[in-house]
Novice: 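Got a structure here, written out as structure tokens. Questions coming.
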Amino acid sequence: MMFLSSPYPGRATTAAFVVAGTLLASSAFAQKYRTAAGLRFSKNNYGLTVQQKILEKTTLEGLALVGSREVSATLLAEQHFGILGPSLNYYFGAGGHLGNNKDTGGFGGLDALAGIEYKVAFTPFVLSLDFKPTIEFNSDDWARFPTALSVRYILVKEKNNGLFNGLFGGDKDKKKVKTKQKSNSRRGLFDL
């Protein structure tokens, strides 16, 4: 009903379909790397971040963080979704952390995560900005709501084959098919 009362009824509907189609069509693309490591910067702490792709759209991220009065380690599982191609992603995740505060001793907690990342064109760097709310156990703070910027260097690029390709000899079968196709096909005038 709202679209019908609009002075431009076709434009709003078309825009909604274009946005939805773009997000759905590009969700097949995820990241352009398998392993990346770098630095994470937040208002109250900083540290190291390592991200490893384990499934097509899923990564594990480890964080080692240092603050003015505490040290912590976090492990997160994240699900990535492409936005307009594989260079720009948004992601959601969850995990847990353990740490030590100089004043109150050991603590732990549960983490959630929502963020966006960009693989910088023509460079091996990935920039990400995220929001990571936490619930704390055995700490003065029962909850925290930090945001952070991470800069990672790509250590291992993404290959075109999947996680389980080659595990049972799949790559050998593909090579045989390719060689059979080449021998049966005729070469064109400009084929080398």
Side-chain angles (χ1 to χ4, degrees), residues 23-24 26-121 123-159 161-165:
L23 289 176
L24 290 175
S26 65
S27 65
F29 302 110
Q31 300 167 267
K32 295 182 84 170
Y33 61 91
R34 287 192 115 6
T35 308
L39 301 174
R40 180 178 172 89
F41 304 98
S42 179
K43 179 181 177 185
N44 297 326
N45 57 31
Y46 60 93
L48 300 175
T49 171
V50 176
Q51 208 171 45
Q52 175 64 47
K53 187 173 184 178
I54 58 171
L55 295 171
E56 175 139 359
K57 295 181 186 179
T58 306
T59 61
L60 286 180
E61 182 175 8
L63 304 173
L65 303 173
V66 176
S68 62
R69 308 286 302 164
E70 67 185 37
V71 178
S72 67
T74 305
L75 182 63
L76 300 161
E78 302 168 359
Q79 190 76 26
H80 293 252
F81 304 94
I83 303 173
L84 302 175
S87 292
L88 185 62
N89 295 303
Y90 68 95
Y91 55 93
F92 299 103
H97 65 275
L98 294 172
N100 189 26
N101 186 301
K102 290 182 181 179
D103 301 324
T104 59
F107 64 91
L110 301 174
D111 300 77
L113 181 74
I116 189 165
E117 75 175 7
Y118 174 66
K119 194 291 186 183
V120 181
T123 70
F125 292 100
V126 178
L127 304 175
S128 68
L129 181 63
D130 63 58
F131 173 62
K132 188 175 77 64
T134 63
I135 297 173
E136 301 288 327
F137 304 114
N138 198 28
S139 175
D140 289 342
D141 297 327
W142 66 273
R144 298 180 190 185
F145 303 96
T147 57
L149 172 70
S150 295
V151 179
R152 294 184 200 92
Y153 182 83
I154 297 174
L155 300 173
V156 179
K157 294 181 182 180
E158 177 62 38
K159 294 181 181 178
N161 54 6
L163 178 66
F164 298 109
N165 286 356

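In this chain, numbering begins with 1 at the start of the sequence shown.
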Novice: Going from CD on Glu117 to OH on Tyr33, what distance comes out if it is rounded to the nearest 0.5 angstrom?
Specialist: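 Answer rounded to 0.5 Å: 3.5 Å.
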Novice: Heavy-atom count around Tyr46 OH within 6.0 Å, excluding the residue itself: above 12?
Specialist: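 Counting other residues, nucleotides and ligands, OH of Tyr46 stays at 12 neighbours or fewer.
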Novice: Could I get the full list of ring-ring contact (aromatic ring centres under 6.0 Å, His included) partners for Tyr153, not counting sequence neighbours?
Specialist: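 ring-ring contact (aromatic ring centres under 6.0 Å, His included) list for Tyr153, sorted by chain: Phe125.
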Novice: Are Ile83 and Phe81 close enough that some pair of their side-chain heavy atoms sits under 4.5 Å apart?
Specialist: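 Side chain of Ile83 against side chain of Phe81, heavy atoms only: no contact under 4.5 Å found.
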Novice: Rounded at 0.5 Å granularity, tell me how far OG in Ser150 sits from CD in Gln51.
Specialist: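 Spacing of OG (Ser150) from CD (Gln51) equals 8.5 Å.
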Novice: Can you see which heavy atom on Gly109 is nearest to which on Phe137, and at what distance?
Specialist: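 That closest heavy-atom pairing would be CA-CD1, 3.7 Å.
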Novice: Rounded at 0.5 Å granularity, tell me how far CD in Glu56 sits from CD in Glu158.
Specialist: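 Separation between the atoms: 8.0 Å.
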Novice: Kindly give the heavy-atom pair with the smallest separation between Pro133 and Phe145, and that separation in Å.
Specialist: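 In this case the closest contact between Pro133 and Phe145 is CB-CD2, 3.7 Å.
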Novice: Taking side chain to side chain donor-acceptor pair (under 3.5 Å) as the test, write out the residues that go with Thr49, two or more places apart.
Specialist: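 With neighbours one apart ignored, the set is Glu61, Arg152.
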Novice: Hey, what do you get for CG (Leu60) to CG (Leu76), rounding to the nearest 0.5 Å?
Specialist: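 CG of Leu76 is found 9.0 Å from CG of Leu60.
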Novice: Under 4.5 Å between any side-chain heavy atoms of Thr74 and Asp111, yes or no?
Specialist: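 Result yes, sub-4.5 Å side-chain heavy-atom pair found.
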Novice: Once side chain to side chain contact (heavy atoms under 4.5 Å, CB included) is applied, do any residues pair with Val156, and if so which ones, sequence neighbours excluded?
Specialist: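 Side chain to side chain contact (heavy atoms under 4.5 Å, CB included) list for Val156, sorted by chain: Arg34, Thr35.
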Novice: In Å, rounded to the nearest 0.5 Å, how long is the span from CG of Leu63 to NZ of Lys132?
Specialist: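 Rounded to the nearest 0.5 Å, the CG-NZ separation comes out at 6.5 Å.
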Novice: Would you please name every residue forming a side chain to side chain contact (heavy atoms under 4.5 Å, CB included) with Ala37, sequence neighbours left out?
Specialist: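 Only Val50, Leu155 meet the side chain to side chain contact (heavy atoms under 4.5 Å, CB included) criterion with Ala37.
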Novice: Please identify each residue that fulfils side chain to side chain donor-acceptor pair (under 3.5 Å) with Thr147, with sequence neighbours left out.
Specialist: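 Listed in chain order: nothing, the list is empty.
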Novice: What residues form a side chain to side chain contact (heavy atoms under 4.5 Å, CB included) with Leu127, not counting sequence neighbours?
Specialist: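 Leu127 satisfies side chain to side chain contact (heavy atoms under 4.5 Å, CB included) with Val120, Val151 once adjacent residues are dropped.
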Novice: Measuring from atom OG of Ser68 to atom CG of Asn45, what distance do you get when rounded to the nearest 0.5 angstrom?
Specialist: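 Reported to 0.5 Å precision, the distance equals 9.0 Å.
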Novice: Quick one: salt bridge (Lys or Arg N to Asp or Glu O under 4.0 Å) pairs with a partner in residues 40-52, sequence neighbours left out?
Specialist: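 Applying salt bridge (Lys or Arg N to Asp or Glu O under 4.0 Å) to every pair that reaches into residues 40-52, excluding sequence neighbours, yields Arg40-Asp130.
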Novice: If I compare all heavy atoms of Leu88 with all of Tyr118, which pair ends up nearest, and what's the gap?
Specialist: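 Closest heavy-atom pair between Leu88 and Tyr118: CD1-CB, 4.1 Å.
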Novice: What residues, two or more places apart in sequence or in another chain, satisfy side chain to side chain contact (heavy atoms under 4.5 Å, CB included) together with Asn44?
Specialist: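 Listed in chain order: nothing, the list is empty.
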Novice: Might you point out which heavy atoms bring Leu129 and Tyr91 nearest each other, and give the distance in Å?
Specialist: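 Closest heavy-atom pair between Leu129 and Tyr91: O-OH, 4.2 Å.
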Novice: So, using side chain to side chain donor-acceptor pair (under 3.5 Å) as the criterion, who are the partners of Asn101 when residues are at least two apart?
Specialist: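 Per chain and number, Asn101 pairs via side chain to side chain donor-acceptor pair (under 3.5 Å) with Glu70.
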Novice: With sequence neighbours left out, what residues match Phe92 under ring-ring contact (aromatic ring centres under 6.0 Å, His included)?
Specialist: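 Phe92 satisfies ring-ring contact (aromatic ring centres under 6.0 Å, His included) with Tyr90 only.
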Novice: Under 4.5 Å between any side-chain heavy atoms of Phe107 and Ser72, yes or no?
Specialist: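 The answer is yes, as the side chains (C-beta and beyond) meet within the 4.5 Å cut-off.
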Novice: I'd like to check the side chain to side chain donor-acceptor pair (under 3.5 Å) partners of Asp103; sequence neighbours left out, ordered by chain and number.
Specialist: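 Checked Asp103 against side chain to side chain donor-acceptor pair (under 3.5 Å); matches are Arg69.
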Novice: Do Thr59 and His80 get their side chains close enough for a donor-acceptor pair, meaning under 3.5 Å?
Specialist: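 The answer is yes; a qualifying pair exists.
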